[in-house]
Visitor: 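Let me give you the structure first, and then I'll get to my questions.
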Amino acid sequence: GGKKSAKTGAYATGADVLEDLADGGNELSARVLDWRQLAKLKSTYTDALVSQINPDTGRVHTSYAMAIANTGRLSSTDPNLQNIPIRTEEGRKIRGAFVAEKGKKLLSLDYSQIELRLLAHVADIAALKNAFRDGTDIHALTASQVFGEPVKGMSAETRRKAKAINFGIIYGISPFGLARQLGIPQAEARAYIQAYFERYPGIRDYMERMKSFCRKHGYVETVFGRRIHLPGIADKNPARRSFAERQAINAPLQGAAADIIKRAMIRVPEAMAGLTGRMLLQVHDELLFEVPEGEAEKTIKSVRRVMEAAAHLSVPLVVEAGTADNWAQAH
């Protein structure tokens with residue numbers, strides 16, 4: 001049954017118990033968690049990727065599938081290059097192993113907060129739309145709206161909480177999930193989510209609208225009218241049904257983001273006419289290129305133009321770009 005977590009009031013698994021002990025300063029638990037993380041990185045990535053290097057090209061070559069993920073995202077296999085870690089420092093070191101050829105650079109262009117932008121657009125939230133139009137820090141704005149703290153001089157901790165709520169809401173996060181993520185009691189997390197919906201009632205309306213549309217039709221649609229079928233919405237099992245309800249909220253956003261980057265990708269060859277770089281990877285909201293050093297700026301300009309014009313929404317699409325010798329530094 002596990003022990004009850006002091007933080008969230010929920011029953012914990014073995015990994016949670018180790019995390020609680022490590023947080024409490026238990027050195028051995030912290031070492032075991034570190035070892036587990038490194039062992040997973042080694043077996044899943046370093047060993048597996050090295051074994052998949054093509055002897056003729058000296059590179060790894062992934063395969064993309066168009067119709068596996070039901071949201072419409074591309075999926076990558078053999079090896080999966082869309083799940084190379086980025087959030088932890090150790091994980092980022094694996095990205096650092098992907099390097100450009102001599103005389104070339106890796107160039108990463110990715111959509112900034114595209115799902116939140118799509119949420120502001122489809123749920124028609126004036127405060128969020130204005131913030132995106134004005135280039136306001138969206139997490140700081142949410143923090144000030146929900147926690148009543150002025151944006152000027154806001155603590156990093158307050159902004160971090162708002163960021164977790166902003167991204168969690170897109171996935172229909174529960175008070176339990178948010179409590180675990182932020183390491184706070186469940187009652188506090190519930191109060192945060194409630195305050196968020198009071199501030200942005202249009203988002204709750206959007207969520208309810210999507211769930212009832214999906215219950216009625218068995219699918220939801222992206223802004224482009226592409227249907228995403230979610231048969232689980234009528235499942236007798238409550239856990240499977242509530243999973244499908246969360247999908248009904250998120251799939252139109254994630255699905256539209258997938259539509260948008262694909263619309264951009266088909267326009268990239270034309271945008272790169274006269275340039276000699278090439279597109280290597282698509283990782284959901286990011287495109288990765290390998291380009292001669294002297295062409296980096298020109299390529300960024302051309303590709304950014306097609307990516308930002310791939311959809312015309314009531315909020316601007318913004319693309320961030322980075323150039324480096326390896327993938328970790330480019331993103």
Side-chain angles (χ1 to χ4, degrees), residues 4-10 12 16 19-20 22-25 86-89 110-211 242 245-250 252-254 257 285 313-318 320:
K4 206 160 196 191
S5 161
K7 275 194 212 160
T8 62
D16 297 328
E19 275 170 28
D20 277 357
D23 289 347
I86 192 169
R87 283 186 172 64
T88 64
E89 200 183 325
D110 81 305
Y111 284 110
S112 164
Q113 302 169 333
I114 191 166
E115 289 186 27
L116 272 177
R117 288 169 193 273
L118 282 159
L119 176 66
H121 172 78
V122 297
D124 194 19
I125 311 299
L128 296 183
K129 289 204 297 192
N130 292 337
F132 280 127
R133 282 183 203 135
D134 301 342
T136 307
D137 177 338
I138 202 78
H139 303 310
L141 171 84
T142 296
S144 113
Q145 301 258 18
V146 172
F147 303 117
E149 204 177 295
V151 170
K152 203 170 164 54
M154 177 179 288
S155 73
E157 184 52 28
T158 305
R159 185 182 179 278
R160 186 180 80 89
K161 283 180 185 169
K163 186 175 178 177
I165 300 169
N166 267 339
F167 286 129
I169 289 288
I170 302 174
Y171 292 95
I173 201 166
S174 64
F176 169 75
L178 185 64
R180 229 188 115 171
Q181 213 174 323
L182 292 175
I184 57 174
Q186 219 168 304
E188 200 179 317
R190 183 174 285 108
Y192 288 169
I193 292 172
Q194 217 169 324
Y196 185 97
F197 285 138
E198 277 164 20
R199 216 53 217 84
Y200 301 124
I203 291 179
R204 178 179 264 158
D205 295 345
Y206 160 77
M207 291 161 91
E208 293 308 320
R209 201 163 64 242
M210 286 304 101
K211 288 193 283 193
S242 79
E245 285 176 352
R246 289 196 300 279
Q247 281 185 302
I249 294 162
N250 180 249
L253 309 174
Q254 197 181 97
D285 302 335
L313 308 170
S314 54
V315 292
L317 289 175
V318 171
E320 290 170 350

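Keep in mind the model is a prediction, meaning the values are calculated, not measured.
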Visitor: For Tyr196, what residues pass the ring-ring contact (aromatic ring centres under 6.0 Å, His included) criterion, not counting sequence neighbours?
Guide: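 Result, ring-ring contact (aromatic ring centres under 6.0 Å, His included) vs Tyr196: Tyr200.
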Visitor: Between Ile203 and Phe197, is any pair of side-chain heavy atoms under 4.5 Å apart?
Guide: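 Yes - at least one pair of side-chain heavy atoms lies under 4.5 Å apart.
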Visitor: Quick one: does Arg117's side chain get under 4.5 Å of Ile138's, heavy atoms only?
Guide: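 No, too far: nothing below the 4.5 Å cut-off.
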Visitor: Please list, chain by chain and in numerical order, all residues satisfying side-chain hydrogen bond (donor to acceptor under 3.5 Å, both in side chains) with Glu89, sequence neighbours excluded.
Guide: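 Listed in chain order: nothing, the list is empty.
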Visitor: To the closest 0.5 Å, what do you measure between CD (Gln186) and OG (Ser174)?
Guide: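 If we round to the nearest 0.5 Å, Gln186:CD and Ser174:OG are 7.0 Å apart.
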Visitor: Output every pair passing ring-ring contact (aromatic ring centres under 6.0 Å, His included) with a member in residues 143-162, not counting sequence neighbours, ordered by first then second residue.
Guide: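 Qualifying pairs: Phe147-Tyr192.
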Visitor: Identify the heavy atoms of Ala195 and Val146 that sit nearest to each other, and give their distance.
Guide: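 Heavy-atom minimum between the residues: CB-CG1, 3.8 Å.
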Visitor: For residues Leu141 and Ala131, report the shortest heavy-atom separation together with the two atoms involved.
Guide: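 Shortest heavy-atom separation between Leu141 and Ala131 comes out as CD2-CB, 3.7 Å.
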Visitor: List for me each residue that meets side-chain hydrogen bond (donor to acceptor under 3.5 Å, both in side chains) alongside Asp124, sequence neighbours excluded, and say none if there are none.
Guide: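 Here the qualifying residues are Lys129.
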Visitor: Could you tell me the separation between the CG atom of Leu253 and the CE atom of Met210, rounded to the nearest 0.5 Å?
Guide: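 Between atom CG of Leu253 and atom CE of Met210 there are 9.0 Å.
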Visitor: For the CG atom of Leu119 and the CG atom of Asn166, what is their distance to the nearest 0.5 Å?
Guide: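 If we round to the nearest 0.5 Å, Leu119:CG and Asn166:CG are 8.5 Å apart.
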Visitor: For Arg159 and Asp137, work out which heavy atoms get closest and say how close.
Guide: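 Minimum heavy-atom contact is NE-OD2, 2.9 Å.
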Visitor: Side chains of Ile173 and Ile193, heavy atoms from C-beta outward: is any pair under 4.5 Å?
Guide: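 Counting from C-beta outward, Ile173 and Ile193 do come under 4.5 Å.
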Visitor: How far apart are the closest heavy atoms of Ala164 and Gln181, and which atoms are they?
Guide: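 Minimum heavy-atom contact is CB-NE2, 4.0 Å.
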Visitor: What residues, two or more places apart in sequence or in another chain, satisfy side-chain hydrogen bond (donor to acceptor under 3.5 Å, both in side chains) together with Arg160?
Guide: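 Arg160 satisfies side-chain hydrogen bond (donor to acceptor under 3.5 Å, both in side chains) with Glu157 only.
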Visitor: Can you name the closest pair of heavy atoms from Glu149 and Ser155 and give their distance?
Guide: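 It is OE2-N, 3.3 Å.
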Visitor: Within the 4.5 Å heavy-atom criterion, are Glu115 and Asn250 side-chain neighbours or not?
Guide: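 Side-chain contact under 4.5 Å: yes.
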Visitor: Show the nearest heavy-atom pair for residues Met207 and Ile169, with the distance to one decimal.
Guide: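 Looking at all heavy atoms of both residues, the shortest contact is CE-O, 3.9 Å.
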Visitor: CD/Gln113 to CD/Glu320 distance, rounded to the nearest 0.5 angstrom?
Guide: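 Gln113 CD to Glu320 CD: 7.5 Å, rounded to 0.5 Å.
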Visitor: Tell me, please, which residues at least two apart from His139 pass ring-ring contact (aromatic ring centres under 6.0 Å, His included).
Guide: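 Result, ring-ring contact (aromatic ring centres under 6.0 Å, His included) vs His139: Phe167.
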Visitor: Taking the side chain as C-beta and beyond, is there a heavy-atom pair between Leu116 and Leu128 under 4.5 Å?
Guide: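 No; the side chains remain at least 4.5 Å from each other.
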